[in-house]
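All values below were derived from every heavy atom in this structure, side-chain atoms included, with hydrogens, water molecules and symmetry-related copies excluded. Because the structure is a prediction, the values reported are computed rather than measured.
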Amino acid sequence: MLDIIDTINTKTIKAKDKNIFILLIVVELLFSLLFVFKEGNIELLIAIYFLTAFLLAISFPSLLVYILIFYMSILPSYSNYLRHPFFFSYLSLPIFIALISLTALVFGIEFVFTDKKKPYNFSAIDYSLILFISWLILSSLHGLSNGLSFKIVLRDFFFPALYLFYFIVYLKNWSEERIFRFWDFLVIITILISFEYIYVAMVESSFIKFFLKRIATQQPHLAQFTFPIALSLLLFNGKSGEKILAIISLPLILSLIFLSQQRGLWISVVFSILVLLVFYIFKDKDSEKRLKRFLGFIIVISILSIFMIIMLAKLFERSPVLTLIFRFESIFHPSKDISAIIRFGEIARALHQWEQNILLGSGLGATINPITLSHYSPYLVDNSFIYLLWKTGLIGLGLFLFFMISSIKMGIDAYKITNKIRTKGLIAALVSGLIGLNIVAMTNTSIILYRFVIVWAIAIASLKIIYNQNK
């Protein structure tokens with residue numbers, strides 16, 4: 001078995017050999033499919049499909065990550081699809097879980113059967129993540145011992161456990177150039193999502209007057225990282241192709257952020273941009289010159305925003321300005337914001353439960369009675385940190401905050417020690433994105449219950465790898 005694994009390991013197969021290997025798999029698959037269709041054995045067809053996928057994946061493990069990220073990003077969840085049926089399709093949870101399992105299996109096999117030249121050195125990030133996941137397991141047992149629903153316990157554990165993708169990418173030890181390629185790839189995906197949003201908004205806005213229709217999915221949260229990354233390509237001397245990508249992507253991602261009409265995301269992205277610009281101003285000793293450019297970029301972003309609003313108005317024949325005013329008006333008149341009243345009411349109910357067990361929380365799987373039956377699911381509240389406090393107690397929340405703070409600190413340290421301007425830009429963008437993510441997490445469960453936890457984990461792994469390669 002070990003010899004077989006070695007022969008198909010990425011590091012031991014030449015490019016020409018890989019092409020022959022893939023050709024043989026495809027030929028075998030075609031003959032197998034002809035046989036299956038003739039015999040009508042669907043179970044055998046499924047088995048052949050997964051065997052073929054496994055053989056291809058184990059030959060190109062990094063490609064599997066790209067396939068997983070593309071699939072989970074480009075499609076909305078089923079519940080969001082029901083609200084916005086003009087999306088072409090929706091994400092299949094079984095396929096999503098199968099891709100995650102396959103990725104973990106392939107990287108696990110590769111790690112076990114690859115010679116490890118260096119011992120693994122644990123850092124504060126590693127310890128805090130392991131402790132946090134361990135505490136989630138204990139919280140799951142705590143919830144089950146209280147007679148809570150196994151299905152909800154499993155759901156509550158599954159999504160935060162996706163932070164384990166940090167270890168998959170970190171142990172793979174991507175090169176800096178591969179890390180750049182991955183985040184450029186994610187910018188391109190966000191561009192595609194922007195076109196999806198523009199299309200759906202065009203169709204759905206024809207049914208309402210004056211205002212733009214709000215499109216609510218998890219996808220715009222990718223902009224929390226991709227917008228700072230695109231901006232960093234202009235600020236920190238990205239390659240020519242990357243600068244072109246940035247110029248194309250910035251107005252489109254701005255449109256995506258706007259059409260989501262998520263006020264928390266608007267605020268967090270603006271905050272991320274400000275953090276990124278602070279990194280830019282103090283990236284070297286010539287801070288005065290940087291400050292002038294900073295003011296210039298503020299003007300450019302403002303012009304881009306105005307241009308976006310004008311184009312959206314032309315495109316949809318609705319008023320983006322009125323939409324903007326309508327969405328922000330409730331911030332200054334909270335008594336009129338029914339959604340906020342409901343959210344704070346549900347948070348109060350969750351905190352009342354937490355008070356019964358401050359250290360351990362209510363356990364994963366805990367539920368509350370929603371304020372209105374048509375509102376949110378009874379197993380979550382719209383604040384990631386209150387959610388963790390409610391279900392995992394002070395200990396669980398403390399471990400998660402330590403993990404996040406350690407990750408941001410690692411990124412800042414990486415920024416200080418690297419001398420490569422382009423790399424500094426990526427670090428600054430990822431740190432800015434992480435800080436913004438923690439801000440928007442106070443208005444939803446994006447940092448803990450979204451499928452994009454995989455992306456957040458890869459961001460942290462990217463910072464750790466860059467730090468290790470430059471120290």
Side-chain angles (χ1 to χ4, degrees), residues 61-62 65 103-104 107-108 110-112 114-139 157 159-180 182-183 224-225 228-229 272 275-276 279 384-385 388 392 394-420 422-438 441 447-448 452-471:
S62 294
V65 174
T103 304
F107 275 86
E110 186 183 32
F111 178 72
V112 170
T114 300
D115 292 332
K116 295 170 279 294
K117 297 180 181 178
K118 294 183 180 180
Y120 187 85
N121 296 318
F122 283 90
S123 65
I125 297 175
D126 305 295
Y127 283 119
S128 58
L129 179 54
I130 290 171
L131 288 172
F132 175 64
I133 298 298
S134 300
W135 189 256
L136 286 178
I137 295 172
L138 292 175
S139 294
F157 177 80
F159 288 100
L162 293 177
Y163 274 108
L164 289 172
F165 257 76
Y166 160 83
F167 288 110
I168 290 178
V169 174
Y170 176 59
L171 293 174
K172 185 64 179 173
N173 197 28
W174 285 353
S175 65
E176 278 190 18
E177 198 55 43
R178 176 168 285 183
I179 291 172
F180 271 103
F182 172 80
W183 290 104
Q224 189 66 70
F225 283 90
I229 285 171
S272 291
V275 173
L276 176 67
F279 275 112
S384 297
F385 306 111
L388 283 171
T392 66
L394 276 174
I395 297 175
L397 176 61
L399 289 171
F400 182 77
L401 289 175
F402 185 68
F403 170 61
M404 276 294 150
I405 292 169
S406 299
S407 302
I408 292 170
K409 182 180 181 300
M410 175 72 73
I412 294 171
D413 291 341
Y415 184 86
K416 290 177 181 177
I417 62 177
T418 185
N419 295 318
K420 293 172 279 190
R422 181 166 168 258
T423 304
K424 276 182 175 289
L426 178 61
I427 295 169
L430 293 177
V431 172
S432 303
L434 270 179
I435 293 173
L437 180 64
N438 279 271
I447 205 170
I448 203 72
F452 297 116
V453 165
I454 293 175
V455 176
W456 319 153
I458 293 175
I460 295 169
S462 300
L463 291 173
K464 179 72 180 294
I465 292 170
I466 294 172
Y467 174 82
N468 286 344
Q469 292 177 353
N470 285 276
K471 69 178 181 180

Note, I448 side chain near V453 side chain (heavy atom, < 4.5 Å): no
Minimum heavy-atom distance between S407 and L463, given as atom pair plus value: O-CD1, 4.0 Å
When rounded to the nearest 0.5 Å, the distance separating OH of Y467 from CD1 of I125 is 9.5 Å
Any I179 side-chain heavy atom under 4.5 Å of V169 side chain: no
Side chain to side chain, K464 and D126, heavy atoms closer than 4.5 Å: yes
For a quick test of your reading: what N or O donor-acceptor pairs under 3.5 Å do the side chains of residues 394-403 make, sequence neighbours left out?
none

Closest approach of I133 to A161 (non-hydrogen atoms, all atoms of both residues): CD1-CA, 3.8 Å
Among all residues two or more places apart in sequence or in another chain, which pass the side-chain contact (heavy atoms from CB on, under 4.5 Å) test with A428? F236, L276, F279, Y415
Contact check, side chains of K172 and V65, non-hydrogen atoms, under 4.5 Å: no
Are the aromatic ring centres of F165 and W456 under 6.0 angstrom apart? no
If I take atom OG from residue S134 and atom OH from residue Y127, how far apart are they, to the nearest 0.5 angstrom? 13.0 Å
Taking side-chain hydrogen bond (donor to acceptor under 3.5 Å, both in side chains) as the definition, give me every residue that meets it alongside T418, ordered by chain and number, with sequence neighbours left out. N470
Looking at W135 and T392, would you say the former's side chain and the latter's main chain have a donor-acceptor pair under 3.5 Å? yes
Quick one: CD1 on I458 to CZ on F452, what's the gap to the nearest 0.5 Å? 11.5 Å
d(S432 OG, L437 CG) to nearest 0.5 Å is 12.5 Å
Is the shortest heavy-atom distance from the side chain of I427 to the side chain of I412 under 4.5 Å? no
How far does CG of L136 sit from CG of L388, to the nearest 0.5 angstrom? 7.5 Å
Between the main-chain N or O of N438 and the side-chain N or O of Q224, is there a donor-acceptor pair closer than 3.5 Å? no
Say you draw a straight line from CD1 of I408 to CE of M404; how long is it, rounded to the nearest 0.5 Å? 7.5 Å
A459 and W183 have their tightest heavy-atom pair at CA-CZ2, 3.4 Å
